[in-house]
Amino acid sequence: MRAILAVIVIAAALWAGYWVIGSRATLQAFEAWFDARRAEGWQAETSALDVQGFPNRFDVVFKGLMLADPATGLAWEAPRFQINALSYRPNHVIAVWPDSQRIATPREKFRLDSRDMRASLVIAPDSALAPRRMTLTADVLRITPEARPAEITALSALSLAAEREEGAAYRLGLRAEGLTLAAPVRARLDPEGRLPDRISGFAADVTATFDKPWDRSAIERARPQPTHIRVRLAEGRWGDLHLQAAGEVDVTPEGWPEGDIALKARNWREIVTLLRVAGVLPESLASSVESGLGMMARMGGNPDTLDISLGFGGGRMWLGPVPLGPAPRLRLR
C-alpha cells in the first residue's frame, strides 16, 4: 500500500513539474513573439498575459490585447482573448473571443459583437504551427462601422470549417444564417423593398489553393495568396430567389480570376432587377437582357429557372453574354 501511495505521489509531483515547466515555456514563447513583432514595427501590446489551467490544461489568457501591422494597415483590439489547450495535447487548441472586439482596416474601423465565438484548431506539432483543420462558430455576429453606428450588418449564426488537403490546398465549408444587410446596402440592392429584410441562408463548399501553406508566417510576414478556387457548391436564398453556383477559376499573380462559374437561378428575374437597381446593369440594356435570358430559360424547359455561366477573364466578368464590368480582385492584405 505504501509503495502504491509513493508511486502516486511521485507521479503527481512529476506531472506538476511538467505543468510548471510547460506553462513557463508557453509564457516565454508568447512574450518572445510579442517582442519580435515590436522589433518589426508592429504595435503589439497586452496589459496582462497569464497561463492558467493547472494541472491538465495550458490556458493562455490575454487582457488588453492590441495588434497592429503597419505594412497592411490592419489592427485588432480585444479586452480579453483566450487560447486553451490540454497539457497532454498542446497542438489542439481552443480559441475564445470576447463578446466585443475592434478591427481596423486602412479604410475604416469596425466593432464586432458576437456571442460564444470560438474556434477549435489542430496545428502541426512543429515551429511553423501550420493548421491542419479548424472549425469556428458564433451564435450571433454583428459588424458595426464606428463612423456609421446605425449601419449594422448581422448574422444569427455562423459556422466555418477548414481542412488542409495536399500541399497548400484547403477545403472550406461555410454556413451563415439570418443575414441582415446594413440599411444603405439593402437600399442599393432592393430599393423597392421586394425582398425580405433577411437573407435566410448561405452555404458553400469550396477548395482554395494558395501559393504557400498557411502557418505563423501568414501573420508575421505575408498572407498566402489564392492561385485556384474550386466551388463544389455554393447556394443562397433570399425570399423567392434561390441561387446555386459551381465551377473553378484560376487566379493570376495579380489577383484576377480566370474561368467560369455555372449558375442556376430560380426566380432569376429578381437577379436582373438587383443588377439593374445596383447600377451594374445599365437601364438601357435591362429590357433586352431580360428578354434574352427569358428565351434561354424557356429553352431550358422552365421559364422561372435559368442556367447560365458567370465568366471571368482579363480583369472583367460576364453573366452569359452580358458584360458586368470589372471582376473582383482576389488579393489578401
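Computation of the quantities below employed the complete heavy-atom set of this structure, encompassing side-chain atoms and omitting hydrogens, waters and symmetry-equivalent molecules.
Considering only heavy atoms from C-beta on, Thr105 comes within 4.5 Å of Leu74 through its side chain. Taking the side chain as every heavy atom from C-beta outward, Ile229 and Val206 approach each other to under 4.5 Å. The shortest distance between side-chain heavy atoms of Arg148 and Glu108 falls below 4.5 Å. Two residues are said to be in side-chain contact when any heavy atoms from C-beta on lie closer than 4.5 Å; Trp238 and Ser200 fail this criterion. By the 4.5 Å heavy-atom criterion applied to side chains, Asn84 and Val93 are not counted as neighbours. Side-chain contact between Leu141 and Leu112: present, with at least one pair of heavy atoms (C-beta onward) separated by less than 4.5 Å. In this structure, Leu86 and Phe58 have side chains that are not in contact, with every pair of non-hydrogen atoms separated by 4.5 Å or more. With contacts defined as side-chain heavy-atom distances shorter than 4.5 Å, the pair Leu319/Leu263 qualifies.
When all heavy atoms of Ala104 and Lys109 are compared, the pair lying nearest together is CB-CG, 3.8 Å. What you find for Pro98 and Ser114 is that their closest heavy atoms are O-OG, 3.6 Å. Contact detail for Ser120 and His92: the closest heavy-atom pair is OG-NE2, 2.9 Å. In terms of heavy atoms, Asn267 sits closest to Asp240 at ND2-O, 2.5 Å. The two residues Pro213 and Ala168 come nearest to each other via the heavy atoms N-CB, 3.7 Å. For the residue pair Ala222 and Lys212, the shortest heavy atom distance occurs at O-NZ, 3.2 Å.
At least one donor-acceptor pair closer than 3.5 Å links the side chain of Arg331 to the backbone N or O of Pro253. Under a 3.5 Å cut-off, the side chain of Thr209 and the backbone N or O of Ala169 do not form any donor-acceptor pair. Without hydrogens or angle criteria, Arg38 side chain to Ala44 main chain gives a donor-acceptor distance under 3.5 Å.
Between atom OG1 of residue Thr144 and atom CD1 of residue Ile152 there is a gap of 4.0 Å, rounded to the nearest 0.5 Å. Note that the CE atom of Met117 and the CD atom of Gln101 stand 5.5 Å from one another [nearest 0.5 Å]. A distance of 15.0 Å separates CZ in Phe110 from CZ in Arg142, rounded to the nearest 0.5 Å. Atom CZ of residue Arg221 and atom CD of residue Glu40 lie 8.5 Å apart, to the nearest 0.5 angstrom. The CG atom of Asp59 sits 13.0 Å away from the CZ atom of Phe54 when rounded to the nearest 0.5 Å. One finds the CZ atom of Arg118 at 9.0 Å from the CD atom of Gln82 (value rounded to the nearest 0.5 Å).
Both Leu310 and Leu330 are part of a single hydrophobic cluster, where members link through side-chain heavy atoms under 4.5 Å apart. Under the 4.5 Å side-chain contact rule for hydrophobic residues, Leu179 and Phe202 share a cluster. Hydrophobic clustering (ILVMFWY, side-chain heavy atoms < 4.5 Å, transitive): Ile143 and Leu155 are in one cluster. In the hydrophobic cluster analysis, where Ile, Leu, Val, Met, Phe, Trp and Tyr join through side-chain heavy atoms closer than 4.5 angstrom, Leu174 is grouped apart from Leu233. A continuous path of hydrophobic side-chain contacts links Leu158 to Ile103 [ILVMFWY only; heavy atoms under 4.5 Å].
Atom CZ of Arg223 is surrounded by more than 12 heavy atoms from other residues, nucleotides or ligands within 6.0 Å. Heavy-atom neighbours of Arg266 CZ from other residues, nucleotides or ligands within 6.0 Å: above the threshold of 12. Atom CZ of Arg164 has more than 12 neighbouring heavy atoms from other residues, nucleotides or ligands inside a 6.0 Å radius. Atom CZ of Arg37 has more than 12 heavy atoms from other residues, nucleotides or ligands within 6.0 Å.
Ion pair Asp205/Arg171 flagged as a salt bridge, since at least one NZ, NE, NH1 or NH2 atom sits closer than 4.0 Å to an Asp/Glu carboxylate oxygen. Between Asp197 and Arg186, at least one side-chain N (NZ, or NE/NH1/NH2) sits under 4.0 Å from a carboxylate O, which counts as a salt bridge.
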task: Under the side-chain contact (heavy atoms from CB on, under 4.5 Å) rule, what do Thr46 and Phe30 come out as? Steps first, then yes or no, please.
output: CA-CA 11 Å; Thr46 179; Phe30 277 106; over 6 Å; no

- prompt: Given the rule in the side-chain contact (heavy atoms from CB on, under 4.5 Å) test, do Val61 and Arg80 qualify, once you have shown the distances and angles that lead to the verdict?
  reply: CA-CA 7 Å; Val61 181; Arg80 180 185 175 94; 3.5 Å; yes

task: Determine, step by step, whether Asp260 and Ser309 satisfy the side chain to side chain donor-acceptor pair (under 3.5 Å) criterion, reporting the C-alpha distance in whole Å, the side-chain angles of both residues, the deciding distance to 0.1 Å, and the verdict.
output: CA-CA 6 Å; Asp260 295 282; Ser309 174; 3.3 Å; yes

task: Verify salt bridge (Lys or Arg N to Asp or Glu O under 4.0 Å) between Arg111 and Asp113, making sure each step is shown before the conclusion.
output: CA-CA 6 Å; Arg111 189 179 77 246; Asp113 298 309; 2.9 Å; yes

query: Does the side-chain contact (heavy atoms from CB on, under 4.5 Å) test come out yes or no for Thr252 and Glu258, once each step is laid out?
result: CA-CA 7 Å; Thr252 69; Glu258 303 271 350; 3.7 Å; yes

task: Apply the test side-chain contact (heavy atoms from CB on, under 4.5 Å) to residues Val231 and Ile261: give CA-CA distance (whole Å), side-chain angles for both, the deciding distance (0.1 Å), then the verdict.
output: CA-CA 8 Å; Val231 181; Ile261 302 293; 4.2 Å; yes

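Partner Thr207 forms a side chain to side chain contact (heavy atoms under 4.5 Å, CB included) with one of Glu163, His228, Glu165 and no other, that one being Glu165.
In this structure, Arg316 forms no cation-pi arrangement with Trp318, as its terminal cationic atom is not both closer than 6.0 Å to the ring centre and no more than 45° off the ring axis. Trp256 carries Arg329 over the face of its six-membered ring, with the cationic atom under 6.0 Å from the centre and within 45° of the normal.
Taking Ile, Leu, Val, Met, Phe, Trp and Tyr as hydrophobic and joining them when side-chain heavy atoms fall under 4.5 Å apart, one finds Phe210 in a cluster with Tyr170, Leu172, Trp214, Leu332.
Between Trp76 and Phe81, the distance from one ring center to the other falls under 6.0 angstrom.
Applying the ring-ring contact (aromatic ring centres under 6.0 Å, His included) rule to Phe34 yields no partners; only residues at least two apart in sequence or on another chain are considered.
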